[in-house]
Protein chains: 2
Amino acid sequence: MVKEYHKLSERQRNIIQFMLNYVETFGFPPSIREIGEATDIASTSVVNYNLNKLVEAGYLVRTNHVSRGLRLVEGVNIPGQRKRVQAQAQHLRLPLIGHIVASKPVQMPEDSGQHYDEDDLIDVPSAMLKGADPADTFALIVKGDSMIDAMIREGDIVIMRRQSTAQAGDMVAVWLTDNNETTLKYYYPEGERVRLQPAHPQMDAIYVKADTCQIRGKVLSVLRYVQ
Amino acid sequence: MVKEYHKLSERQRNIIQFMLNYVETFGFPPSIREIGEATDIASTSVVNYNLNKLVEAGYLVRTNHVSRGLRLVEGVNIPGQRKRVQAQAQHLRLPLIGHIVASKPVQMPEDSGQHYDEDDLIDVPSAMLKGADPADTFALIVKGDSMIDAMIREGDIVIMRRQSTAQAGDMVAVWLTDNNETTLKYYYPEGERVRLQPAHPQMDAIYVKADTCQIRGKVLSVLRYVQ
DNA sequence: TTGACAAATGAACATCTGTTCACGTATACT
DNA sequence: AGTATACGTGAACAGATGTTCATTTGTCAA
């Protein structure tokens, strides 16, 4: 959910306004130091801090470790930009890299995803990334009914971020080396073992040894086209 | 004087096409090295060389000594660009009109052409409407776990079209007057009675008399923000 | 063949740029 | 007072990034 514009700090609003002008003028986003100069912020770390706040608030998407890896999320109500917002709401295009099936590990995009094939892209609202770096994010189509205990059907589209670790409570795609099986579960590390909790509230958790459980990515959201 | 597109070298055309895709995907221009990787150019200096050629040809503007300081010149005829713009999916903003709960009938938006508060709008790719008229379409947040046999969790967002009839196989929101209950099921009319089939493949259908079953709308798609 | 020119290579370099960390300041709450 | 939280400062660091240059390759005309 997007935080209201007037609830942002003055600095954060200044950053947004500056970015709007800058992108329009130059065609590419400003660097952190340029933002700092323009908004009278002395330290790059403060700019960085506020940029992350803007990501949380839903106004910005960042690509990590990439110079000028910023993009304003359109479709958010920013005073002075209303016209543009209504004309074109923001979405991102994610690589649709294939299927997720129970019997195989999740196939990852080779490296920091260079997928630009037109047919392999899917449009999603930027909100569905929940602030994740688009470069690490991709989509998979669920094949088979094996994810049913994750409340996910055949044909559903899963938006994931590639990562090999997770925090307690994350829904992750894991490869169970003992079972030769990919599954989607909520992840709870418990010392030597890991509790994997199905999304379906009436189903029981399973427990696996931590070293037989490879985290492949975190599930950010799910799209379902009914019928 | 803009050089004709077909007179550019293959590498230069590749660079332009890559840049189109990249900017669309990430919202900022690629680095020289990224261009090189994508277009199979081994050396950064060759990319640089060709970028300068593209500037001469009128396709590009560069900002010196600035990372990703590239911008494609607008208004230049580049094959594929126009098509891409047209193919670019639109996003729509649907009214988020409240909750769907088992214990109440689905509340409808009174009529089309209403004013909705900014916070009550949700951004969805137009594909999720599957061709339905946006004026008849709205979104609901699922409350409670009663829709679990429809493979829908608490917190899921259901995109529906308002309608009071349905075709066999549609997933519909129905109000069962005998049970005082709203439920989401696949709809199969069978003469006097109606078979309502849960989305969950392991659950049994229920049968109701046709006149105790009010169709409120058809489910078009489902959005889930995990966690 | 020779010369001229466009295009490409590979490496080195200086700077740009995001990230991180230890620390400081202000405010509110217990 | 003590604590927690949000916000800010300044500096350092590692890696990303544009630029440059000597050299090589390919093409084409004289």
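Not measured: the values here are computed from a predicted model. Chain letters run A, B, ... following the sequence lines, proteins first, then strands; residues in each count from 1.
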Whole-Å gap separating P (D:dG18) and CG (B:Leu60): 12 Å
Per-nucleotide protein contact string for nucleotides 5-12 of chain C (B base, S sugar-phosphate only, - none; heavy atom under 4.0 Å): -SBSBBB-
Over 12 non-hydrogen atoms of neighbours within 6.0 angstrom of CD in A:Glu190: yes
Heavy-atom side-chain proximity of A:Leu223 to A:Met128 below 4.5 angstrom: yes
Row check, A:Phe28 ring normal vs A:Arg68 NZ/CZ: under 6.0 Å, within 45°: no
For atom CD of B:Glu37 and atom P of D:dT17, their distance in whole Å: 10 Å
Side-chain N,O (B:Asn64) to OP1/OP2 (D:dG18) below 4.0 Å: no
Distance test, side-chain N/O of A:Arg68 to OP1/OP2 of D:dG18, below 4.0 Å: no
Min side-chain heavy-atom separation B:Met160-A:Val226 under 4.5 Å: no
d(CG, B:Asn48; P, D:dA16) in whole Å: 19 Å
Integer-rounded Å distance: C:dG18 P and A:Leu54 CG: 15 Å
Nearest-angstrom distance from the residue atom CD of A:Glu56 to C1' of D:dT5: 13 Å
Atom pair distance, as rounded to whole Å: CD1 in A:Ile35 and P in C:dT19: 11 Å
Short side-chain to backbone donor-acceptor contact, B:Thr39 and B:Asn14, under 3.5 Å: no
salt_bridge(A:Arg161, A:Asp136) N-O dist < 4.0 Å: no
A:Leu60/A:Ile15 under side-chain contact (heavy atoms from CB on, under 4.5 Å): CA gap, chis, key distance, verdict: CA-CA 11 Å; A:Leu60 215 56; A:Ile15 289 175; 5.5 Å; no
Nearest-angstrom distance from the residue atom CD of A:Glu34 to P of C:dC16: 10 Å
N/O (side chain, B:Ser67) to phosphate O (OP1/OP2, C:dT17) under 4.0 Å: yes
Atom-pair distance (CD1 on B:Ile32; P on C:dT17), nearest Å: 13 Å
